J.: 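The following block contains the structure, expressed as C-alpha cells.
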Number of protein chains: 2
Amino acid sequence: MKKHKEILSRFGINKTQFRIDLLSLFFDCKSALTIHEIFERFNKKINKVTIYRALKSFEQKGLIHQVPDKNNLKKYSLCNLDTCSPDLHNHQHGHFICYSCDQTFCLDDSTVKILKTSSGHIVKNYNLILEGYCTDCNSSQTISQN
Amino acid sequence: MKKHKEILSRFGINKTQFRIDLLSLFFDCKSALTIHEIFERFNKKINKVTIYRALKSFEQKGLIHQVPDKNNLKKYSLCNLDTCSPDLHNHQHGHFICYSCDQTFCLDDSTVKILKTSSGHIVKNYNLILEGYCTDCNSSQTISQN
DNA sequence: TAGGAAAACGCAAAAGTGTTGCGTTAATTA
DNA sequence: TAATTAACGCAACACTTTTGCGTTTTCCTA
C-alpha cells in the first residue's frame, strides 16, 4: 500500500518488501504483537534476526513502541504517528478487551485522566488495558449464567 | 528479624538464612527487584538458581508477585500480605516505570479505582503501566536540566 | 540511470535469561 | 535424633535476543 511506503520514507526507513509488509501488519493488528506472532504471520520465512532488527529500527524511529504486558512478553504496538517521533513517544493508550468476544475498545481520554495526577511521579505516558466483559457480552451473559 | 521468620512459616516456606534475608530485602526495597539486583545485593555469593527457585516459591506461596519491566526482565515486588495467598493473588494496582532509573514502583489501589467505574464495561482485571520520571529522578533532573 | 554509500538481509555464533536434573546439605516434624 | 521434606549448588539445557560479517538491496546524486 502506498501509504505505508510513504510512512517508511517519512521516518527514514528503507522500503524493503519485508518492512512494508511488517508495517501493514501493525496497521491491520489492533492489539500488540510479539516477535513470535510476527514470525508466524510471515510463515517463518523471515529470519528472526531480521525481525528483531526491523522492530528495533521501527522503535528507534518512532513508528512502534514496546508494550510491557502482564505476562512479561515483549510486545510491540503501532505509535500514534501524528504525535510520535524519534525524540518523543506519546502513547495515550487506554483499551478495553472483552474476554468473551475478543474485541478491543478504545477508552476515551477522560476515563483515565484522573489517575495521572494522584501519584507522586511525573507521568509522561500510560498504557492501560482493562479486561472483562463488554456491555453487549455482559447483557447476553447474565441471561445464560443464572 | 523475627517478623520475617514468622511470615515464612505462615506461608509454608522453610526458614533458611538466605530466604530470611531475601524477604528482608523485599521489605527494605520500595521498588521491584530483578534477579540480577538480588544477586548483586548478596555479593554474588548465592547461586542464581537458588534465587530463581526462591522467587518462584515466594510467588507461588503468595509472598511476592511479578511486575512489568521496561527491559523485559522479570521483576518481583512484595505482595500485600493481608490480601494475597497461594490461592488468590490480589494485585489491583498499577505500576510506574521511571524513564530515567528504570525502576518499577507499585501504585496504590486508590490511584486506579476511579477508572474501573467510569467505563460501560464490566472490568474483571486491568493492567496499567505509567511511565515518566519518578520523584527522585525528577528532582535531580530539574536541577541539572536548566 | 549508473555507481558508490548506506541500510537491510541471512547465517553462524555468542550473550543473556530462565529452567531442569541430580546428588548433597539443611530444616522440619514426630 | 532419625526420617522426611525442602532448599541448595553445580552442570547442563532451552529459549530469547544480540553481534559479527559477508552479501544483497535500496537510496541518493552526479
Side-chain angles (χ1 to χ4, degrees), chain A residues 2 4-26 32-40 42-76 86, chain B residues 2 4-25 32-76 86 102 104:
Chain A
K2 190 133 182 283
H4 301 154
K5 289 191 184 182
E6 284 171 0
I7 290 169
L8 290 177
S9 292
R10 179 149 52 91
F11 283 79
I13 296 165
N14 278 13
K15 299 188 281 278
T16 65
Q17 193 54 55
F18 166 63
R19 294 194 175 199
I20 295 164
D21 294 342
L22 180 61
L23 185 56
S24 299
L25 178 57
F26 273 111
L33 292 163
T34 62
I35 280 93
H36 184 256
E37 283 165 349
I38 293 168
F39 187 59
E40 293 293 325
F42 282 90
N43 297 313
K44 308 181 182 181
K45 279 170 187 156
I46 287 288
N47 193 294
K48 276 189 179 174
V49 176
T50 302
I51 301 174
Y52 279 112
R53 284 200 261 238
L55 291 173
K56 195 171 201 173
S57 173
F58 279 21
E59 189 185 18
Q60 284 171 346
K61 298 292 171 67
L63 268 170
I64 60 173
H65 65 280
Q66 273 192 46
V67 182
D69 79 340
K70 63 170 179 286
N71 297 318
N72 238 51
L73 297 170
K74 213 174 214 181
K75 281 189 167 176
Y76 290 90
Chain B
K2 190 129 183 286
H4 301 153
K5 289 192 183 181
E6 283 171 1
I7 291 169
L8 291 176
S9 292
R10 178 148 54 91
F11 283 79
I13 295 163
N14 276 12
K15 301 188 281 277
T16 64
Q17 193 55 55
F18 167 63
R19 296 195 173 197
I20 295 164
D21 293 342
L22 181 60
L23 185 57
S24 298
L25 179 56
L33 290 164
T34 62
I35 280 90
H36 185 255
E37 284 164 349
I38 294 167
F39 188 58
E40 292 294 324
R41 295 275 202 138
F42 282 90
N43 297 313
K44 308 181 182 180
K45 280 171 185 155
I46 288 290
N47 194 293
K48 275 188 179 174
V49 178
T50 301
I51 301 175
Y52 280 112
R53 285 199 262 237
L55 291 172
K56 196 172 202 173
S57 172
F58 279 21
E59 189 186 18
Q60 284 171 345
K61 298 291 172 67
L63 267 170
I64 60 173
H65 64 280
Q66 277 192 44
V67 303
D69 167 69
K70 191 165 60 175
N71 303 116
N72 217 39
L73 298 172
K74 283 200 174 181
K75 275 189 173 176
Y76 290 90
D102 276 7
T104 303

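The shown structure was predicted, so the numbers you read here are calculated from the model rather than taken from an experiment. Chain identifiers are assigned alphabetically (A, B, ...) following the order of the sequence lines, protein sequences preceding nucleic acid strands; residue numbering begins at 1 within each chain.
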J.: Look at all strands and tell whether Arg19(A) reaches a base, only sugar-phosphate, or nothing, counting heavy atoms closer than 4.0 Å.
T.: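 The residue Arg19(A) makes sugar-phosphate contact but no base contact.
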
J.: Can you confirm whether Arg10(A) sits close enough to Ile7(A) that some side-chain heavy atom of one is under 4.5 Å from a side-chain heavy atom of the other?
T.: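 SC-SC contact between Arg10(A) and Ile7(A) confirmed.
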
J.: Taking the side chain of Thr16(A) as heavy atoms from C-beta outward, which of dA7(D), dT19(C), dA8(C) is closest to it?
T.: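 Of all the options, the side chain of Thr16(A) is nearest to dA8(C).
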
J.: To the nearest Å, how far apart are Phe58(B) CZ and dA7(D) C1'?
T.: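 Result: 11 Å.
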
J.: Expressed as a whole number of angstroms, how long is the span from Leu8(B):CG to dA6(D):C1'?
T.: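 In whole Å, dA6(D) C1' lies 13 Å from Leu8(B) CG.
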
J.: Where the side chain of Lys56(A) is defined as all heavy atoms beyond and including C-beta, which of dG18(C), dT19(D), dA8(C) is the nearest nucleotide?
T.: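 Nucleotide nearest to Lys56(A)'s side chain: dT19(D).
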
J.: Side chain of Thr50(B) only, please: which of dG10(C), dT17(C), dC8(D) is the nearest?
T.: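 Taking heavy atoms from C-beta onward, the closest nucleotide is dC8(D).
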
J.: Lys15(B) near the nucleic acid: base, sugar-phosphate alone, or nothing, with a heavy-atom cut-off under 4.0 Å?
T.: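 It contacts sugar-phosphate atoms only.
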
J.: Look at all strands and tell whether Asn14(B) reaches a base, only sugar-phosphate, or nothing, counting heavy atoms closer than 4.0 Å.
T.: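 If one applies the 4.0 Å heavy-atom cut-off, Asn14(B) turns out to touch the sugar-phosphate alone, with no base involved.
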
J.: For Phe26(A) together with Tyr76(A), are the ring centres under 6.0 Å from each other?
T.: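 Tyr76(A) vs Phe26(A): aromatic centres not under 6.0 Å.
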
J.: How close or far is atom C1' of dC13(D) from atom OH of Tyr52(B), stated in whole angstroms?
T.: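 Whole-Å distance recorded here is 14 Å.
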
J.: Using whole Å, report how far NZ of Lys45(B) lies from C1' of dC8(D).
T.: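 One finds 17 Å between C1' of dC8(D) and NZ of Lys45(B), rounded.
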
J.: With side chain to side chain contact (heavy atoms under 4.5 Å, CB included) as the test, pick out the partner of Leu8(B) among Asn14(B), Ile13(B), Thr16(B), Leu22(B).
T.: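 The residue from Asn14(B), Ile13(B), Thr16(B), Leu22(B) that satisfies side chain to side chain contact (heavy atoms under 4.5 Å, CB included) with Leu8(B) turns out to be Ile13(B).
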
J.: OP1 or OP2 of dC10(D) sitting under 4.0 Å from any side-chain N/O of Asn47(B)?
T.: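 So the side chain of Asn47(B) is within the cut-off, an N or O lying under 4.0 Å from OP1 or OP2 of dC10(D).
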
J.: Report the residue (Ser9(B) or Val49(B)) whose heavy-atom-nearest nucleotide on DNA chain C is the more 5′ of the two.
T.: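 It is Val49(B) whose nearest nucleotide is closer to the 5' end.
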
J.: Respond yes when some side-chain nitrogen or oxygen of Lys74(B) is under 4.0 Å from OP1 or OP2 of dT16(D), and no when none is.
T.: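 Negative; the distance criterion is not met.
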
J.: How many Å lie between CD1 on Ile20(A) and C1' on dC27(D), as a whole number?
T.: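 Result: 13 Å.
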
J.: Checking contacts here: which listed nucleotide (dT17(D), dG10(C), dA8(C)) is nearest the side-chain heavy atoms of Ile35(A)?
T.: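 Closest nucleotide to the Ile35(A) side chain: dT17(D).
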
J.: How many Å lie between CD on Gln17(B) and P on dT28(C), as a whole number?
T.: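 That distance rounds to 12 Å.
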
J.: Looking only at N and O atoms, is any donor in the side chain of Arg53(B) or the base of dG18(C) less than 3.5 Å from an acceptor on the other one?
T.: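 Flag unset: no donor-acceptor pair detected.
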
J.: Compare all side-chain heavy atoms of Leu55(B) with those of Ile51(B) and state whether any distance is below 4.5 angstrom.
T.: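 Yes, close enough: below the 4.5 Å cut-off.
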
J.: For residues Phe58(A) and Arg19(A), determine if any side-chain heavy atom of one lies less than 4.5 Å from a side-chain heavy atom of the other.
T.: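 Yes; the side chains approach each other to less than 4.5 Å.
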
J.: Whole angstrom is fine here: how far is it from CD1 in Ile46(A) over to C1' in dG10(C)?
T.: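 That distance rounds to 10 Å.
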
J.: Roughly how many Å is it from CD1 in Ile51(A) to C1' in dC11(C), rounded to a whole number?
T.: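 Atom CD1 in Ile51(A) sits about 15 Å away from atom C1' in dC11(C).
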
